[in-house]
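What's counted below: heavy atoms across the whole structure, side chains too, no hydrogens, waters or symmetry copies. All chains are named by letter (A, B, ...) in the order of the sequence lines, taking the proteins before the strands, and each is independently numbered beginning at 1.
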Amino acid sequence: MATEKLSIVKAINASLRTALESDPKVLVMGEDVGKLGGVFRVTDGLQKDFGEDRVIDTPLAESGIVGTAIGLALRGYRPVVEIQFDGFVFPAYDQIVTQLAKMHARALGKIKLPVVIRIPYGGAIGAVEHHSESPEALFAHVAGLKIVTPSNASDAYWMLQQAIECDDPVIFFEPKRRYHDRSEVDREAVPGPLHAARTVRAGKDLTLAAYGPMVKTCLEAAAAAAEEGKSLEVLDLRSVSPVDFDAIQASVERTRRLVVVHEAPVFFGSGAEIAARITERCFYHLEAPVLRVGGYHAPYPPSRLEDEYLPGLDRVLDAVDRALAY
Amino acid sequence: MATEKLSIVKAINASLRTALESDPKVLVMGEDVGKLGGVFRVTDGLQKDFGEDRVIDTPLAESGIVGTAIGLALRGYRPVVEIQFDGFVFPAYDQIVTQLAKMHARALGKIKLPVVIRIPYGGAIGAVEHHSESPEALFAHVAGLKIVTPSNASDAYWMLQQAIECDDPVIFFEPKRRYHDRSEVDREAVPGPLHAARTVRAGKDLTLAAYGPMVKTCLEAAAAAAEEGKSLEVLDLRSVSPVDFDAIQASVERTRRLVVVHEAPVFFGSGAEIAARITERCFYHLEAPVLRVGGYHAPYPPSRLEDEYLPGLDRVLDAVDRALAY
Amino acid sequence: MTVDSTAARKPRSGKRAGAKKPAAGPDKPELVQLLTPEGERVEHPDYAIDVTPEELRGLYRDMVLTRRFDGEATTLQRQGELGLWASLLGQEAAQIGSGRATRDDDYVFPTYREHGVAWCRGVDPTNLLGMFRGVNHGGWDPNENNFHLYTIVIGSQALHATGYAMGVAKDGADSAVIAYFGDGASSQGDVAEAFTFAAVYNAPVVFFCQNNQWAISEPTEKQTRVPLYRRAEGFGFPGVRVDGNDVLACLAVTKAALERARTGQGPMLVEAFTYRMGAHTTSDDPTRYRRDEERELWEAKDPILRLRRHLEREGHAGEEFFAALEAESDALAKRVRDTVRTMPDPADTAIFEHIYADGHALVDEERAQFVAYQAQFADEESN
Amino acid sequence: MTVDSTAARKPRSGKRAGAKKPAAGPDKPELVQLLTPEGERVEHPDYAIDVTPEELRGLYRDMVLTRRFDGEATTLQRQGELGLWASLLGQEAAQIGSGRATRDDDYVFPTYREHGVAWCRGVDPTNLLGMFRGVNHGGWDPNENNFHLYTIVIGSQALHATGYAMGVAKDGADSAVIAYFGDGASSQGDVAEAFTFAAVYNAPVVFFCQNNQWAISEPTEKQTRVPLYRRAEGFGFPGVRVDGNDVLACLAVTKAALERARTGQGPMLVEAFTYRMGAHTTSDDPTRYRRDEERELWEAKDPILRLRRHLEREGHAGEEFFAALEAESDALAKRVRDTVRTMPDPADTAIFEHIYADGHALVDEERAQFVAYQAQFADEESN
Ligand SMILES: Cc1ncc(C[n+]2csc(CCOP(=O)(O)OP(=O)(O)O)c2C)c(N)n1
Ligand SMILES: Cc1ncc(C[n+]2csc(CCOP(=O)(O)OP(=O)(O)O)c2C)c(N)n1
Ligand SMILES: [Mg+2]
Ligand SMILES: [Mg+2]
């Protein structure tokens, strides 16, 4: 029986296990990924089964983790690196944007950098500072990186398989607030393309485009809107670099309205790029400007304020109403 | 006589000198800023006149430079930090986005971080890798930072004065390809607001919005377009965080068309934010989608290709034509 | 040091070789100790210290109250009043000893676990709880007690401390600065850069590393293969290892290090060899990665017990003292409980406060939108 | 090490104290030397080496050809054929000695100045010029000669080398890895993190630091107050200082270090004490920050001259050899000139090549737009 109901955590764990089993060059490395199984237990049991040589507890130094992962990739390994929390990726930022992203081009294609960087991201878990951020835009601007983020267990399993198989560096953002959401995973399915968006709810009045943790929020918003007689289409973008603009365009050409939703701050966020490009592609189709719902231009707030800070169902519906009012 | 014709390099040098003279808490620090006067001679002569205690050659470690500048700011100093080239700011990225940007908020306003980070940025100087990048979007997404960039010597002088006086961290991007462009600087003028855009050429058919090195390019494009009978308005945005959206909106409400130009890659660049927000603000005014001209989603290329990579007059005019064709 | 060409071939596997502890012998670190686990006072040639019975009782009181506060916070987390707590259990001596070594005009840069140091600096312990409750990211004015905000990103504060110390030197002041960090943090590039800057500028900063043997689930062997205090020498300043469960030794060594800094002799690294008796934080489950036996070994070296034995042995404190302290602890615990439970949530517009000192147009715009948006619901609710 | 409480008070100002060089004495570093500046062969107890006259001539030839190539590149830059050149003048012995110590299956991670090492690895020198001419960012296949691309961002490659070495160890191979960096780079956090990873995983990597006394305009005192080779010890592996202008010593020490790595004894730091005789790069003007006298002192220690003296003194090479080498140099210089001058510019669509190994929709879209846009002009031009 290939289909199983799994949480995202368990799906990622299973995906790592599959990768470690099927390719001896795959390594898992990061802080506390060994005996502890990671602070979210994503790597639970892997070191026990694959040994300390393949599931590696690293020194506490993110630049070192990514920098040595690059070296390991140059030696023919396929490291899957864990950054413990979103806010701790920045010490590795230089290695990621200056080395990892650019080395393949620097070598005119003669070397490949199949490194996956897993980052649990986003808020709503009641955490202290630095544990709830959504930094995807800070990587999407940089050529040479691919950025994906699953919204459910099946995608978590398959997209990670594909990311590990990919010969390019992939940043794999995991929606930590959804880690324990369970859904069916068919481990014998043939997955679609890694960077394709997916219509997770069809509709005709307006398109909601989201990814990662916000897909569920948008589905809830669409359900609530349906009760008011509004038919919203929900796209799970799945990939932030590249963005599947064709899919968004196709949807917007039908619905004529688009709201983009993400947790990250709106200013210079993914929504800006999507709004700009879709407006260019669908100028005569759009009945309303592309609206964006996301975080404010503020540090992620203390957790007692995160409900106000994060885009929730109401703020999504507010934007939907504003878009429909045009 | 208060007015003098200065290059941007000399204007920044004069501005630093003024700041060092008028406030004993101002420090200049960075790699090679002392005897050498910086690789662009921006700090020429300052160490000689103000001593090694105020114009500080630092160890070769950008995170250390920004991190100790933060500590100095906490002690009451106002450090003006030089990052030698755009591509070398990333080792300091963590200290900038995680500490410098957020510490004032973290302390609920009880401490201030008046740190200026000067970064020569942009291409067209025939340099090797990492010496020609435009990373402003990677900072603009982060709350707590202010980002400005002058396009001429007078702004270079005055905006740096204002940045140093500002109690917030300011990233001061210097258009290195324009370093030796000379223009009048009135050192007794009363400068306008630091974050206000400026209309540098009035026009009525379309607005070109640019900043830093691209202002000159846009002015040249506007002059060329004028010969073809097209009247282009050119805005020097001057500030990337905040962006003076009011000024852009006011212009676009008149011209009804907007092209945003920057050297940085288009994807997730400043143009995306400006296009998204101006489209929202001016939805019924716009006759054409906001078009963007900028770098490609590619590492900055080897210098023999930079003319093809960088937005030049022709690419700006191509976008103008496309916008006017709507 | 030269290559020892007679050394035997060692196994190549990184795993085996890297995991091995360096052999004892000439490398075996000397541990500065002034009080044995049994509470016996011993002397150290380099770190003489004279402490009055009253001071000893003060140190004891500090440790007891800190432990009680810490335990109360753990309880409050379990009760859902705090989102998280990072306990200092076991590290009281390292923190109180070093904290009491500082002068008012010194400046302290802590991690997220320095509750005992905060206590010494005069920060009201309830102020520490805001960030763990989620009402703020740092609830005190750093300049009020020269105690910087807790820094969560590992290692960053070492550079802030160094920069601050550079400023102290520029001012010609004779204060010193102390930067706290853990054994795990020693691997971060920022800490190494702090060492370099401190050395090059001869900054009056003491690096105080609490080696509590663990960085979450990783033992110190995952960070270094030689004792951490030795890291300093290659940067050009001295390092010393002190018994981190010996409050007197921590006091004496930190005092000497601060005095050294104060008198222009530059930075110093103090490694306090101690143990994290509890979980990394309340989110952590140490049974997954370490054995009880280890904890038991360290229990025998308990910092509070050891000073109590000394006080009793020397007749410096009797029943009355301990009973009064117990009552004081209870009162502190009650105050902490009461304060936390009634700690108000911030206004939702606090999201937009203090992002910039001098304002930012976008923040103003978003605040206005937010207020208008929230007002809709208020309207609806009042309808 | 403990605090020396008898030490005299030193001035507080960071400036004065920091600028002072550490006193000689017990700290004075030992310098491994096998060939004096006068060309006399001396022995070192730890680094015995047997080199045949032929090998000696080979080393001499390597250094001469490297210097000639380097000089030619500087000239080509002056003539506008290159945008920039980073000369290795003065560092030939450090590079040839260490480069010749490597085995084919070893892997090298250079900075931007390792032209001599590239030479030893068999990289065609003209391939090095592409990035300085601006036709590419790295013009060779790193795996062809196990010689990685030049890394410009200071210090990054130390981590790549360490990771690569971790992989070598995992493979159970007995190769070693060598990472080059400069005195300035020693301050970067990445280099310290590389030391930590290398030590913890016992990775077979040699850190080869060419201390050429300057990081652009900053003397080594701005990076450290003790000799750099000592940095290693606090990370748990040995460091050694070698006369970087003595090709034999560099060869012997690097060989020993690589052998050590190969046999599972872990990393080692080699500090090659040398001098950057020229400008930092062709963009630099060293007269602004250093005195001619210093250069003159080092001229007397010239690495090539010293080996020539030795060859002559021992009768290992005569007029004929030197004349043939001169001719070979001329031929190399000519080939370099010719190759550079005819080096084709890349196609403009190269902007879009090799950004991703597995493609990226946006790159495809932008390439198509670019091609269509460029075609307009072609159309116009052909009209
Ligand atoms: C840059 C960074 N990476 C990861 C983390 C997550 N994290 C929090 S505490 C910790 C371990 C710290 O160990 P140590 O420095 O020994 O301090 P201790 O917690 O033992 O006091 C880690 C990995 C972090 N806070 N910052
Ligand atoms: C991260 C970074 N910061 C700054 C620079 C600019 N830069 C190039 S070379 C150099 C000095 C390097 O000195 P050193 O490490 O001693 O090597 P050397 O050039 O002397 O061989 C500097 C500051 C850089 N390339 N990378
Ligand atoms: Mg610890
Ligand atoms: Mg150097």
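To the nearest 0.5 Å, the span separating CD1 on B:Ile111 from NE2 on C:His354 amounts to 12.0 Å. Rounded to the nearest 0.5 angstrom, B:Arg106 CZ and C:His148 NE2 are separated by 6.5 Å. Within the model, atoms CD of B:Gln99 and CD1 of C:Ile152 stand 9.5 Å from one another, a figure rounded to the nearest 0.5 Å. Atoms CE and OH, on C:Met166 and B:Tyr77 in that order, are 10.0 Å from each other to the nearest 0.5 Å. To the nearest 0.5 Å, atom CD1 of residue B:Ile70 and atom OG1 of residue C:Thr162 are 12.0 Å apart. Atom CG of B:Asp94 is separated from atom CD1 of C:Ile154 by 11.0 Å, given to the nearest 0.5 angstrom.
Neither the backbone nor the side chain of C:Glu144 comes within contact range of chain B; no heavy atoms are under 4.5 Å apart. Both the backbone and the side chain of C:Ala361 come within contact range of chain B, judged by heavy atoms closer than 4.5 Å. For C:Tyr107, no part lies under 4.5 angstrom from a heavy atom of chain B. Contacts between B:Ile65 and chain C at a heavy-atom distance below 4.5 Å involve backbone atoms as well as side-chain atoms. Using a 4.5 Å cut-off between heavy atoms, B:Ser239 does not touch chain C at all. The part of B:Thr98 that comes within reach of chain C is its side chain, from C-beta onward, which places non-hydrogen atoms under 4.5 angstrom from that chain. Proximity to chain B involves both the backbone and the side chain of C:Ile355, based on heavy atoms less than 4.5 angstrom apart. Residue contact with chain B, scored on non-hydrogen atoms closer than 4.5 Å, involves the side chain of C:Asn143 exclusively.
Chosen from B:Lys25, B:Met103, B:Lys112, the residue pairing most often with chain C at heavy-atom distances under 4.5 Å is B:Met103. Per-residue counts of heavy-atom pairs under 4.5 Å with chain C were compared for B:Ala69, B:Ser241, B:Gly71; the largest is that of B:Gly71. Note: C:Ala357 leads C:Gly167, C:Gly189, C:Ala357, C:Ala198 in heavy-atom pairs under 4.5 Å with chain B. Interface summary for chain C: among B:Gly109, B:Pro114, B:Gly144, the most heavy-atom pairs under 4.5 angstrom belong to B:Gly144. The choice from B:Lys110, B:His104, B:Arg54 that makes the most heavy-atom pairs within less than 4.5 Å of chain C is B:His104. The residue among C:Asp190, C:Asp171, C:Thr196, C:Leu149 with the most heavy atom pairs within less than 4.5 Å of chain B is C:Asp171.
Listed by sequence position, the residues of residues 112-132 of chain C in contact with chain B number zero, using a 4.5 angstrom heavy-atom cutoff. The stretch residues 272-284 of chain B places B:Arg277, B:Arg281 near chain C, each with some heavy atom under 4.5 Å from a heavy atom of that chain.
For the pair C:Asp358 (side chain) and B:Asp167 (backbone), a donor-acceptor distance under 3.5 Å is present. Using a distance-only test at 3.5 Å, with no hydrogens or angles considered, no donor-acceptor pair links the side chain of C:Tyr164 to the main chain of B:Leu72.
In terms of heavy-atom proximity, B:Gly64 sits nearest to C:Glu193 at N-OE1, 2.6 Å. When every heavy atom of B:Leu74 is checked against every heavy atom of C:Phe109, the shortest pair comes out as CD1-CE2, 3.7 Å.
Note: C:His360 and B:His195 have tilted aromatic rings, judged against thresholds of 30 and 60 degrees for the angle between ring planes.
Residues C:Lys170 and B:Arg75 form no side-chain contact, since every pair of their non-hydrogen atoms from C-beta on lies 4.5 Å or further apart. With contacts defined as side-chain heavy-atom distances shorter than 4.5 Å, the pair B:Thr68/C:Tyr201 does not qualify.
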task: Under the side-chain contact (heavy atoms from CB on, under 4.5 Å) rule, what do B:Lys102 and C:His137 come out as? Steps first, then yes or no, please.
output: CA-CA 10 Å; B:Lys102 297 184 169 65; C:His137 292 319; over 6 Å; no
